[in-house]
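To keep things clear, I will list the structure first and then write my remarks on it.
Remember, it's a predicted structure, so these values are computed and weren't measured experimentally. Residue numbers start at 1 and run along the sequence shown. Values reported hereafter were calculated over all heavy atoms of this structure, with side chains retained and with hydrogens, waters and symmetry mates removed.
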Amino acid sequence: GESVMATKIKVLSGGAFPEREVNSSTIGALKTELEIPARASVSVNGTGVEDSYELQEGDLVAAVENDKGGGNKFINL
């Protein structure tokens with residue numbers, strides 16, 4: 001079978017982008033792995049992506065959740 005390789009990505013957390021190893025290969029799986037709310041928007045390298053986006057080594061990943069007031073707040077990953 002396929003060997004599962006961890007992918008090193010950088011995640012937005014408190015204004016910095018610490019490197020993090022994840023086992024997910026797609027954004028959809030990453031949401032589950034990092035407990036990102038399903039309704040959150042995820043951007044990679046500054047561009048919004050769908051859950052089907054396949055993670056690449058070194059990607060900068062940020063998750064944003066819409067709050068009730070219509071604003072956005074970054075989710076610390």
Side-chain angles (χ1 to χ4, degrees):
E2 298 268 310
S3 63
V4 177
M5 291 291 295
T7 303
K8 286 192 178 77
I9 60 171
K10 292 180 164 61
V11 295
L12 178 64
S13 186
F17 281 95
E19 193 171 74
R20 189 158 172 169
E21 279 198 4
V22 296
N23 297 313
S24 302
S25 58
T26 65
I27 290 295
L30 188 71
K31 283 182 172 180
T32 303
E33 183 177 347
L34 299 185
E35 296 177 2
I36 299 168
R39 67 179 182 280
S41 310
V42 176
S43 65
V44 176
N45 303 322
T47 305
V49 295
E50 300 296 318
D51 284 355
S52 57
Y53 173 88
E54 294 196 359
L55 287 165
Q56 310 295 317
E57 192 91 3
D59 275 352
L60 289 162
V61 177
V64 176
E65 191 170 18
N66 300 333
D67 61 29
K68 294 188 181 69
N72 291 331
K73 68 172 198 283
F74 284 102
I75 300 168
N76 287 324
L77 301 178

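Judged as a side-chain hydrogen bond (donor to acceptor under 3.5 Å, both in side chains), and not counting sequence neighbours, Asn66 has no contacts. Residues passing the side-chain contact (heavy atoms from CB on, under 4.5 Å) test with Ser13 are Pro18, Asn76, sequence neighbours excluded. The side-chain hydrogen bond (donor to acceptor under 3.5 Å, both in side chains) test applied to Ser24 returns Glu33, not counting sequence neighbours. Residues satisfying the side-chain contact (heavy atoms from CB on, under 4.5 Å) test with Thr26, not counting sequence neighbours, are Ala29, Glu54.
Applying the salt bridge (charged side-chain N to carboxylate O under 4.0 Å, His left out) test to every pair with at least one member in residues 15-24, sequence neighbours left out, gives these pairs: Lys8-Glu21, Lys10-Glu19.
When hydrophobic clusters are built by joining Ile, Leu, Val, Met, Phe, Trp and Tyr residues whose side-chain heavy atoms come closer than 4.5 Å, directly or via intermediates, Leu77 is not grouped with Val64. If you chain together hydrophobic residues whose side chains sit under 4.5 Å apart, Val11 and Phe17 never meet in one group.
Nearest heavy-atom pair across Asp51 and Lys31 is OD1-NZ, 3.0 Å.
Interatomic distance, Thr32 OG1 to Ile27 CD1, rounded to the nearest 0.5 Å: 11.5 Å. Interatomic distance, CG of Leu34 versus CD1 of Ile9, reported as 6.5 Å (0.5 Å rounding).
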Side-chain donor/acceptor pairs under 3.5 Å, residues 35-50, sequence neighbours excluded:
| unit_1 | atom_1 | unit_2 | atom_2 | d |
| --- | --- | --- | --- | --- |
| Arg39 | NH2 | Glu65 | OE2 | 2.6 |
| Asn45 | OD1 | Leu60 | N | 2.9 |
| Asn45 | ND2 | Asp59 | OD1 | 3.3 |

